[in-house]
Amino acid sequence: MSETSKQAVERATAFEKTVLPNGLTVLVHPMPGFTGVYALYGTKFGSIDRSFVLDGKRWDLPAGVAHFLEHKMFENEEGDAFTLYAKTGANANAYTSFDKTCYLFSASSRTEENLDILLSFVSRPYFTEKTIAKEQGIIGQEIKMYDDSPDWRLMFSVYQCLYGQHPVREDIAGSVESIAEITPEMLYACADAFYRPQNMALAVAGNVTMQQVLDAVERAAIPEKTGVVERIPVCEPRQVAEKERSFSMPVSKPLLGVGFKEALPEPENQLKTEFLCDILTELICGSMTPLYRKLYDENLVSPGFSGEILSVPGALCTVFGGETSRPEYVRELLLQEIRRLRSEGVDAELFTLCKNQLYGELIADLENIDDVAAGLFSAFSRGRTPAEEIDTLAAITLEDVNSALQNLLQEEYSATVIIRPAGEKKGELAS
Amino acid sequence: MERKQIADGVYLTALPAGQFHRCRVSINFIWPADRQWATAEALMPLLMERCCADCPDMTLLSKKLARLYGASLSVDGVVNSGSRVLTVAVGGIKDEFALNGEKLSEEYAALALGTAFRPYFVDGVFDPEAVAIEKEQLRELIASEMNEKRAYCVRQARRKFFGDAPAGVERYGYAQEVDGLTPETVTRAFFRMLRSARIEVMALGADACAVEQSVLKALEGIERAPADLPAAFAQPAQAEQSFEEPMDTAQGKLCLLFTAGQPQRPEKLSAARVAVALLGGTATSRLFVNVREKHSLCYYCAASYASMAGLLCIDSGVEHQNAKAAKQAILEELDALKEGPITAKELADTKRSLKNQLGAVGDTLQGMENWYFGEIMRGSLFTPQQVMEQVDAVTEEDVRNVLRMFTLSVSYTLTKGENAHV
């Protein structure tokens with residue numbers, strides 16, 4: 001690495017961190033030259049957090065509670081957060097993933113007021129039977145919208161085949177049936193357990209200073225919460241739950257998903273293992289590979305066919321997928337290529353190019369205020385900083401990849417899902 | 001922003017981008033859309049994106065991009081209000097991040113120009129093998145539009161709305177014409193584009209002088225006769241046409257298209273921006289607050305506006321059984337804004353939201369490029385700051401006057417209904 005690039009990376013990855021007496025982590029990246037501010041206030045509570053003990057009482061949640069809570073935290077007795085933000089003009093939103101819930105705004109002015117709004121409504125839960133019933137209707141429609149998305153259905157079908165117990169197998173929003181079980185008491189318990197400053201971070205990037213953010217946190221006077229919260233881990237067997245699944249829906253062409261369930265790495269190897277999985281997906285069917293060229297030239301797949309990884313507490317898997325006119329044949333080609341690379345070793349030039357590409361992607365992710373704030377929250381929730389990610393990537397060797405491939409992407413721990421166009425005759429999976 | 005003409009029908013716009021880690025060069029060819037050439041012109045981007053004369057193999061090109069630290073190369077074609085636009089764009093991390101001191105930005109510009117002006121030809125035409133492969137991809141691209149139901153419903157409605165008008169020329173061409181494409185026809189389409197297109201080059205954070213010289217060099221020997229671009233044109237008002245298409249979906253889709261009967265003049269656009277945002281562009285808009293939140297008739301309900309076509313689009317995700325009620329509620333909200341009161345608070349809220357969006361334009365490369373390219377296409381060249389001032393000056397009466405121009409032309413529904421008809 002040249003001295004110039006080293007300094008550039010140091011500037012790009014720099015941020016300030018403060019942990020307040022109430023336990024809240026504050027992360028700020030002032031970015032000169034930017035007009036706007038992007039703030040993200042989040043908690044380590046997502047759709048996979050389904051069982052916990054709060055002050056001695058066990059709670060087992062139906063699917064979709066974290067997402068439901070996200071919707072409901074947007075309103076209190078005085079109205080919803082959108083109405084509050086309308087007074088400042090900020091663009092506000094929220095999202096729930098497998099392992100976190102985040103509330104955010106982006107604004108090009110009135111930073112202090114926007115921070116005050118963000119911190120106030122997320123800190124004051126308010127639910128009634130009536131407001132919950134209304135939200136069940138809205139979220140029910142959201143679930144139906146996703147039910148029509150072939151990519152979404154493919155992804156969750158693969159997770160359901162790979163995982164028999166882990167909640168990653170269930171839609172983040174839950175189902176119409178599961179959210180019908182949600183009660184005000186359940187939501188208050190979740191807010192009490194997970195929306196506590198010790199479990200949360202405020203990440204802000206852009207035209208802002210740490211002092212502005214700390215002043216806002218002080219104004220919000222977020223109290224420390226007492227009591228004990230214990231997450232109950234899931235016992236997930238190594239074997240997959242279901243080897244094959246096939247169904248139909250209105251699509252123009254079949255979709256194929258091939259997932260590989262991986263053994264969980266030791267915590268100190270987590271980041272490196274994720275990079276190894278990422279690099280392997282590129283080395284197997286990325287646009288530089290002979291397999292991709294064959295698939296493309298023979299019109300076996302659409303351009304989006306690719307691999308990606310999922311890594312959340314208790315689950316790590318790699319999923320290859322996309323549109324293909326011959327799903328069984330493409331699956332076989334994919335497995336053949338993995339076997340070939342395992343026996344022959346990966347191409348040294350391709351490996352270097354993949355690392356180059358990933359480095360560029362990491363730098364690009366440090367460019368926009370929204371990506372930077374999200375990266376800071378990730379630094380909190382996953383316990384890693386952008387600088388550590390770049391260092392870990394740089395340290396990976398060709399030998400690491402070849403060695404990892406002896407254990408990763410094993411057929412024995414794989415599952416296959418095929419979505420066929422509605423009305424098409426069901427085919428057989430190739431053995 | 002600096003903009004100048006560097007040759008007949010060729011313009012360079014330079015946008016400073018010192019705060020970003022990446023830089024980007026894009027070359028936009030703009031020429032009148034023509035139904036007769038649509039499918040050949042749709043195939044061109046696919047062929048241009050896979051390789052060029054300087055790098056005549058798609059795998060080698062992928063490796064070159066990876067060597068440039070994952071630089072992006074895209075060739076994209078759209079139809080924009082009667083004009084065909086083909087954009088070649090290359091972007092990547094700035095030189096200071098190169099691990100070994102490489103001059104990356106020079107390579108980005110060279111790659112963009114090579115892709116735009118020097119395709120890989122075999123015996124004077126696009127590589128026949130590549131043409132055969134990309135024809136299949138194009139065919140599937142056309143067929144796959146049904147996978148995304150929301151976008152599909154809007155596209156179907158637009159087809160009914162535009163009919164045979166130039167603005168309705170299909171971005172991806174026509175499935176029945178793909179078979180007939182040959183290397184010769186696509187090559188003719190390419191040279192027709194080189195000859196007749198206006199060329200808009202945008203350099204974001206790249207050395208504009210170097211880009212200018214490279215463009216002029218690339219143009220040497222090319223016979224140019226830039227065609228006039230079609231004037232903005234709006235569909236005339238007509239009696240509403242209603243369509244239902246059966247599809248086995250969990251959620252129904254509803255799209256309503258309205259015409260203003262005339263294109264929006266750029267200086268009047270801010271009033272339309274406020275009106276459409278107030279109607280259905282924010283989380284406090286009438287459609288969101290009333291149709292979604294109050295009446296629970298849909299999951300989403302949003303309004304958008306294509307100023308050059310005078311087209312207002314409202315699309316919604318609805319329970320199948322609620323589609324008719326949702327349509328009625330949407331029309332009532334529009335009528336209420338046309339004739340009823342607009343509070344000072346909701347007008348002020350809407351303006352603040354719009355100004356917030358305008359203030360953020362300069363915070364992303366994509367935002368800056370999209371903004372100034374849109375302004376260039378409209379021929380206005382307002383800065384976001386100027387538009388903020390215009391937004392501030394919009395009155396309730398301006399909002400009403402804009403919305404009163406719109407009449408419903410097409411409603412299109414994806415439904416489970418047995419009596420659906422297209």
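Residue numbering restarts at 1 for every chain, and letters A, B, ... go by the order of the sequence lines.
For a residue to count as touching a neighbouring chain, one of its non-hydrogen atoms must lie under 4.5 Å from one of that chain's; by this rule A:Ile138 touches chain B with backbone and side chain alike. Contacts of B:Arg139 with chain A are absent, with no heavy-atom separation under 4.5 Å from either backbone or side chain. Residue contact with chain A, scored on non-hydrogen atoms closer than 4.5 Å, involves the side chain of B:Thr284 exclusively. If you measure heavy-atom distances from B:Leu99 to chain A, the contacts under 4.5 Å come from both the backbone and the side chain. At a 4.5 Å heavy-atom cutoff, the contact between B:Ala360 and chain A is made by backbone atoms alone. Only the backbone of B:Ala98 comes within less than 4.5 Å of a heavy atom of chain A; no side-chain atom from C-beta onward does. In this structure, the portion of A:Val301 lying under 4.5 Å from any heavy atom of chain B is its backbone and not its side chain. In this structure, chain B has no heavy atom under 4.5 Å from any part of A:Glu282. Contacts between A:Thr88 and chain B at a heavy-atom distance below 4.5 Å involve the backbone alone (N, CA, C, O). Of the atoms belonging to A:Lys134, it is side-chain heavy atoms, and not backbone ones, that fall under 4.5 Å from chain B.
Taking 4.5 Å as the limit, some side-chain heavy atom of A:Pro303 sits within range of a side-chain heavy atom of B:Gln137. Here the side chains of B:Gln357 and A:Asn91 are not in contact, with every heavy-atom distance at 4.5 Å or above. Put simply, the side chain of A:Pro32 does not reach to within 4.5 Å of the side chain of B:Gln19, judged on heavy atoms.
For the side chain to side chain donor-acceptor pair (under 3.5 Å) with B:Tyr152, the qualifying choice from B:Arg150, B:Gln156, B:Arg155 is B:Gln156, the only one to do so. Between A:Phe74 and the options A:Phe82, A:Tyr95, A:Tyr85, A:Phe105, a ring-ring contact (aromatic ring centres under 6.0 Å, His included) holds for only A:Phe82.
Annotation: maximal heavy-atom pairing with chain B below 4.5 Å, among A:Pro290, A:Gly137, A:Ala364, A:Ser109, occurs at A:Ala364. Comparing B:Phe20, B:Tyr299, B:Tyr300 by heavy-atom pairs within less than 4.5 Å of chain A, the highest count is held by B:Tyr299. Contact tally against chain B (heavy-atom pairs below 4.5 Å) for A:Asp147, A:Leu366, A:Ile369: the top residue is A:Leu366. Contacts with chain A were tallied for B:Glu148, B:Lys149, B:Lys351, B:Lys345; B:Lys149 has the most, counting heavy-atom pairs under 4.5 Å. Most heavy-atom pairs under 4.5 Å with chain A, from the set B:Lys94, B:Glu346, B:Glu134: that is B:Glu134. Contact count versus chain A (heavy atoms, under 4.5 Å) is highest, among B:Glu145, B:Lys63, B:Glu136, B:Lys355, for B:Lys63. Interface summary for chain B: among A:Glu298, A:Lys355, A:Glu142, the most heavy-atom pairs under 4.5 angstrom belong to A:Glu142. Between chain B and the residues A:Gly33, A:Ser287, A:Gly36, A:Pro250, the largest count of heavy-atom pairs under 4.5 Å involves A:Pro250. Each of A:Gln357, A:Lys144, A:Arg293 has some count of heavy-atom pairs under 4.5 Å with chain B, and the biggest count is that of A:Arg293.
For the 3.5 Å distance criterion, the side chains of B:Gln366 and A:Asn368 fail to qualify, holding no donor opposite an acceptor.
Remark: the backbone N or O of B:Gln251 is paired with a side-chain donor or acceptor of A:Asp148 at under 3.5 angstrom. Between the side chain of A:Ser2 and the backbone N or O of B:Asn100, no donor-acceptor pair lies under 3.5 Å. Proximity of a side-chain donor or acceptor of B:Lys64 to a complementary backbone N or O of B:Cys55 within less than 3.5 Å is not detected.
Ring geometry, A:Tyr359 versus B:Tyr69: the interplanar angle exceeds 60°, so the pair is classed perpendicular (tilted spans 30 to 60°). In this pair, A:Tyr296 and A:Tyr292 present their aromatic rings parallel. The plane angle is below 30°, not in the 30 to 60° band.
In the displayed structure, A:Glu349 atom CD is contacted under 6.0 Å by more than 12 heavy atoms of other residues, nucleotides or ligands.
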